[in-house]
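Structure record follows, encoded as structure tokens.
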There are 2 protein chains.
Amino acid sequence: MSGQAADLTVAFADGTPLYLQVAQHVQKLIDDGTYPVGSLLPRESDLAEALGVSRHTIRQAISQLRQRGLLTARKGVGTRVEAPQDDWRSRFSANSRGGLFDFARATELHFKTRKTVEARGQIAAEMGVRPGRKFHYLSGPRYYAGDAKPFCVNEVYLDPRLRHVVDDIPILRVALFNLVEEATGDRVMEIQQDVRAAYMPDHVAHWLDREPGDLALKMTRRYLGSGARLLEYAVQYHPGDNFAYHTTLSSI
Amino acid sequence: MSGQAADLTVAFADGTPLYLQVAQHVQKLIDDGTYPVGSLLPRESDLAEALGVSRHTIRQAISQLRQRGLLTARKGVGTRVEAPQDDWRSRFSANSRGGLFDFARATELHFKTRKTVEARGQIAAEMGVRPGRKFHYLSGPRYYAGDAKPFCVNEVYLDPRLRHVVDDIPILRVALFNLVEEATGDRVMEIQQDVRAAYMPDHVAHWLDREPGDLALKMTRRYLGSGARLLEYAVQYHPGDNFAYHTTLSSI
DNA sequence: ATGAATTTGTACGTATGTATA
DNA sequence: TTATACATACGTACAAATTCA
């Protein structure tokens, strides 16, 4: 039914666990169309045999991809390839709309505040770093190009060593993590995004022409490089009365 | 070090998988203070022996609780009980069709209200249907299986012709859109999801033991079948003070 | 600083259950 | 009814990280 396992021979690198290597390998095969969206993977035991690993390891790998929404499995049927809605490459690639990349290019972030801060307490916890670590902090309103009024406020925390990346930029029109990638040579491997309800802080309310304490949607993003190193941390406040974070979860 | 496994003897119910029963059991022991926040669980092999299951099953159970942020584990140290309410630790991360599927299986939706309503005004606009269209409406709190307190409240709007699908179900343990798919033969092709900040309505606050007007995260989902037909509309309210909608945009 | 003990992580094997086609 | 394929659950062994004597 599900056909052959194709050529799954692969030279496994060392260091990273086998099941993660398998997960990466399977995802490559999904990306290059070997396993198209909507199709069924070969069954677990076939994959195990083809890759020369145990079925247990295959299940660990599939479990990873299922947690990311890339695969779904049904008893008695098989494991289906789903549309990678939240895979960041698809959201950030040139041909997809609504991604952060396009978002950054269609808007302007006006830096109004620059200072060096220490991450403490709740901020440090949200950032996932030890309290006391220093960051270069920037903040300001973000406009749709040409608009008179900003529609949200951004805060950015950068490694102080990356300060030079933004020092000469009063108005940012591209995605900051792209600049960071260029400056460091590192690559953003993962973006962890949280969306929560919040009350609007004073400085945000001021820029957005609202009242402090108004309803707001607070989005935080942690940009992780290789080795889960935190490259950038960003916070975005949207007015709560007229903004919704929208996603489409398409299946097949 | 971490002491005895206490009296972990338990009569396992049938039906639900063993590892989920173990997860519920461990969580009870956390809730009642047997394993206080900050302490280490007995080591996996001790738990396995005490409960009369294999270490593999224990690990599956712990994995469940780790995904919910209730436990963290470190190699060479042990498995630590984390603060359950500690702010953004409780996160909702079902960001794909498969994620919603698994989410529904790990939780219980207790239907408390059933009535026929007409979509009007803002509701009709959010649903994207003409005002006056009739729907079968259900609502109630949603629990993590075994929990005493609900963590969110669900509202569901169904085509009245699909009423029989849920009429005999007091407690839902699967994804409703799956039942709808089975009943109609149609398939959910797309899920449009919005996340916004909101003030908590009265009936929601009541079930969640909060005050009306409290901060809330409101998620709405439109389940579209073939031809963009609206099969189901669902609203989910989370307490805003300790909940975040989490997405990981990974690139592997 | 070294090494032993501890504890989770990874990986293998095997068998049986259950939903689906 | 039968075959299929994932789900659950048992077992074993060793690796890797941490802690502590």
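Letters A, B, ... are given to chains in the order of the sequence lines, protein chains preceding strands, and every chain is numbered from 1.
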- Query: Can you name the one residue among A:V156, A:V117, A:D159, A:I123 that meets side-chain contact (heavy atoms from CB on, under 4.5 Å) with A:F135?
  - Reply: A:V117
Heteroatom pairs (N/O) under 3.5 angstrom, protein to nucleotides 15-21 of chain C:
from	atom 1	to	atom 2	distance (Å)
C:dT20	O4'	A:K75	O	3.4

- Please work out if B:R66 contacts a base, only the sugar-phosphate, or nothing of the nucleic acid, heavy-atom cut-off 4.0 Å. sugar-phosphate
- Item | Separation of D:dC10 C1' from B:E44 CD (nearest whole Å) | 16 Å
- Residue set satisfying side-chain contact (heavy atoms from CB on, under 4.5 Å) with A:D32, at least two apart, ordered chain then number -> A:L29, A:T34
- Between C:dT8, C:dA11, D:dA9, which one does the side chain of A:L18 approach most closely? C:dA11
- Message: Rounding to an integer number of Å, can you tell me how far B:I62 CD1 sits from C:dT7 C1'?
- Response: 11 Å
- Note on the structure: note: B:I58, atom CD1; C:dT7, atom P; distance rounded to Å ~ 15 Å
- Task: Using the test side-chain contact (heavy atoms from CB on, under 4.5 Å), find all partners of A:R74 that sit at least two apart in sequence or belong to another chain.
- Result: A:V77
- Item | Closest nucleotide among C:dC12, D:dA9, D:dC6 to the A:A73 side chain | D:dC6
- Query: Atom CG of A:L71 and atom P of D:dA5: how far apart are they, to the nearest Å?
  - Reply: 16 Å
- With sugar-phosphate meaning primed atoms plus P, OP1 and OP2, does A:S45 contact a base, only sugar-phosphate, or nothing at under 4.0 Å between heavy atoms? nothing
- Task: Compare the minimum distances between each of C:dT8, D:dC10, C:dC12 and the side chain of B:R59, then state the nucleotide with the smallest one.
- Result: C:dT8
- Counting just side-chain N and O atoms, does B:T79 come under 4.0 Å of either OP1 or OP2 of C:dT7? no
- Item | Parallel, tilted or perpendicular, as decided by the 30° and 60° cut-offs, for the rings of B:H56 and A:H56 | perpendicular
- Apply salt bridge (Lys or Arg N to Asp or Glu O under 4.0 Å) to B:R114 and list each qualifying residue two or more places apart in sequence or on a separate chain. none
- Task: Taking side-chain hydrogen bond (donor to acceptor under 3.5 Å, both in side chains) as the test, write out the residues that go with B:S39, two or more places apart.
- Result: none
- Task: Compare side-chain N and O positions of B:R43 against OP1 and OP2 of C:dG9 and report whether any pair is under 4.0 Å apart.
- Result: no
- Using whole Å, report how far CD of B:Q21 lies from P of D:dT8. 12 Å
- Spacing of B:L47 atom CG relative to C:dT8 atom P, expressed in whole Å: 8 Å
- Query: In whole angstrom, what separates B:H56's NE2 from C:dC12's C1'?
  - Reply: 12 Å
- Query: Taking only residues two or more places apart in sequence, or in another chain, which ones meet B:V153 in a side-chain contact (heavy atoms from CB on, under 4.5 Å)?
  - Reply: B:V204, B:W207, B:L208
